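First up is the structure itself, then whatever we jot down about it.
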Amino acid sequence: MQPLDVGESTVVGPYRLLGRLGSGGMGRVYLGRSAGGRTVAVKIVHPHFALDEEFRARFRREVEAARRVGGAWTAPVLDADPEAPVPWVATAYAAGPSLTAAITDDGPLPLNSVRALGAGLAEALTAVHALNLVHRDVKPSNVLLTLDGPLLIDFGIARATDGTASLTSTGVSVGSPGYMSPEQILGRPVTGAADVFSLGAVLAYAATGRSPFPGDSSAALLYKVVHEEPQLDGLVGELRDVVERCLTKDPAARPTPDEVARRLAPQGAARLVAGGWLPGALVERVSRGAVELLNLEVAGAEAEAVAREGALSGPAGPGMGEFGPPPVMPGPVLPEPRDAEPEPEPEPSDRTPGKVSVSLAATSAPVDGGRGRKLSCTVALAVAGALAAVTVGSGYVFDLLPGGRGGGDAGSDSAVERPAPSTVPGPASGAMTLPESYVGTWEGPAVALGGALPMGTFRVTVQQAAVGEKLGTFRQTDQIGGTCDDDLFLKEVTKSRLVVTSIADKSNRDVCTTGSHTVLLTPVGTDLKYETDNPEAGDPVSRMSRVG
């Protein structure tokens, strides 16, 4: 577990977060504790998924399905909020490493451990399939090794087997290369037999320390799963026979999970686990982790007790300066103006009317097929102008905004040109300089969708510059600690605001927007307002205060 980064949320729903357990393509997982003292694993989806209406529909459906799963060898869903600005789900926390971590650190498991592992997972899948559900992502990182047996986790992409195609068309990969079944890769109907194929690949990995379909790229892995036989060197006897049958290309020829469980543990997985199923090194590791968790919870309880004592004794009481009450997730409402906003200045005559209207429209633009366009918020969040890029699954959609002057390939770095140097003399030669009220570092909370969606924190630095020169930098930090950076170039100076071209840094993550965008910076009392017209990003806006 890693400590929380500066700026990461410390409270989600009713849970106080103690540390970060891991992260993946769908979001981050945190260790949390309820007010009653129960330890949970809280999964928070990446903020850019929160703006995708199709993702929300699927997430809502999957949470409802996962709540039904409560059998042995699974981590039950305890709580969830699919309607939160950033959706989350909480499951029971299990003290133990993932199968991936265990194999990476300690090597393959002994035969008796693999048999117990396979029997437990097969019994879990039997219960899942009895509910007419398919997990769809059985893989080593979704298997936890605890002293009480293996646990199958992360039903975040499980589907009811009668799910409609519209709920699987967001472009998010369902499954993991090397562990997906051939029918998943080929886009054919998926049944519980797909989970059995994945189970066979997991057991081969546990016993040998290698995937049965090795490869250097996702494409190579997917090809081998569909067209080649698995590599099972090192597997012998009954275990090899079970794995081979699970990895049959034809779904109808695979055994059921119940058959697998009976082959590996005729008297049930619980009997194998009760006799001690993990090797000594893993038992020591799990026990050490449990002690660390206990120490962490004790320290957290002591901090909360000091905070409550300080709250009762008043601001000057003991402990308040060090601990204070538990923080809360920032709300979506921007601070009230400290001074009256200046009257808006008429648009300059050389600008296209409506190009930057900052309407904060929350309605997504329609696309082919009648569905709403997917939105993105972990982009450079909110910088709009000639071009805007938003994530859709693993790709981008580029749009020329009304009145935009951009051209060329918006997705190419070569198409993003730095603003041409201004013909206006720079500050050193006596040209107009920026009012000193703009210069400095500004920071504040940001929101989108008319204030409905928190966007983390915006931070802008402004320095003296002439038109066409670099004005400063922009950084957005989302609620789970991800950042996107832009360089800012001065485009226009008026009496009441700055018009700025924001250009995305080439080293940004792939969830950040690329290309150039237009931003307005407007003084509001002692604050600075950051706003754009970017409906694909939810029209973000921020009220920033000077911090430097």
Side-chain angles (χ1 to χ4, degrees), residues 69-76 92 94-103 106-131 133-155 158 179 181 191-209 211-212 230 232 234-248 253-280 282-283 286:
V69 179
W73 320 120
T74 62
S98 69
L99 179 60
T100 302
I103 298 298
D106 299 309
L109 298 178
L111 178 59
N112 67 305
S113 297
V114 177
R115 293 178 69 93
L117 172 71
L121 296 180
E123 289 182 11
L125 290 175
T126 299
V128 170
H129 296 170
L131 296 172
L133 300 174
V134 181
H135 188 286
R136 294 183 182 246
D137 199 21
V138 178
K139 60 183 179 181
S141 61
N142 278 342
V143 175
L144 299 183
L145 308 182
T146 77
L147 296 179
D148 295 326
L151 287 183
L152 180 61
I153 65 169
D154 200 353
F155 289 83
Y179 296 92
S181 66
T191 66
D195 287 340
V196 174
F197 184 95
S198 301
L199 174 61
V202 166
L203 294 182
Y205 174 77
T208 66
S211 168
L232 302 179
L235 284 177
V236 297
E238 187 176 36
L239 179 61
R240 183 186 180 101
D241 181 60
V242 169
V243 171
E244 284 182 334
R245 289 193 60 202
C246 289
L247 295 177
T248 300
R254 296 171 200 152
T256 66
D258 185 58
E259 291 177 57
V260 174
R262 285 187 279 108
R263 286 282 302 274
L264 296 177
Q267 295 180 315
R271 178 67 65 89
L272 294 182
V273 169
W277 77 289
L278 290 177
L282 272 176
V283 171
V286 174

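None of these values were measured; they are calculated from a predicted model.
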[X] side chain near [Y] side chain, heavy-atom distance below 4.5 Å:
X	Y	answer
Leu99	Leu109	yes
Trp277	Leu117	yes
Val138	Asn142	no
Leu121	Val260	no
Val286	Leu145	no
Leu247	Pro212	yes
Leu272	Leu264	no
His135	Val69	no

Does a salt bridge link Arg263 with Glu259, judged by any charged N lying under 4.0 Å from a carboxylate O?
no
Minimum heavy-atom distance between [X] and [Y], given as atom pair plus value:
X	Y	result
Ile153	Ser141	CD1-O, 4.2 Å
Val134	His129	CA-CD2, 4.5 Å
Ser211	Tyr179	CB-OH, 3.8 Å
Gly200	Val243	O-CG1, 3.6 Å
Leu282	Pro97	CD2-CG, 4.1 Å
Pro279	Pro110	CG-CD, 4.0 Å

[X] side chain to [Y] main-chain N or O, any donor-acceptor pair under 3.5 Å?
X	Y	value
Glu123	Trp73	no
Ser198	Lys139	no
Arg271	Ala265	no

side-chain hydrogen bond (donor to acceptor under 3.5 Å, both in side chains) involving Asp258 - partner list, sequence neighbours excluded
Arg262
Find the distance between [atom1] ([X]) and [atom2] ([Y]) and round it off to the nearest 0.5 Å.
X	Y	atom1	atom2	result
Thr126	Leu131	OG1	CG	11.0 Å
Thr100	Tyr205	OG1	OH	4.5 Å
Leu151	Thr146	CG	OG1	5.0 Å
Leu111	Leu239	CG	CG	6.0 Å

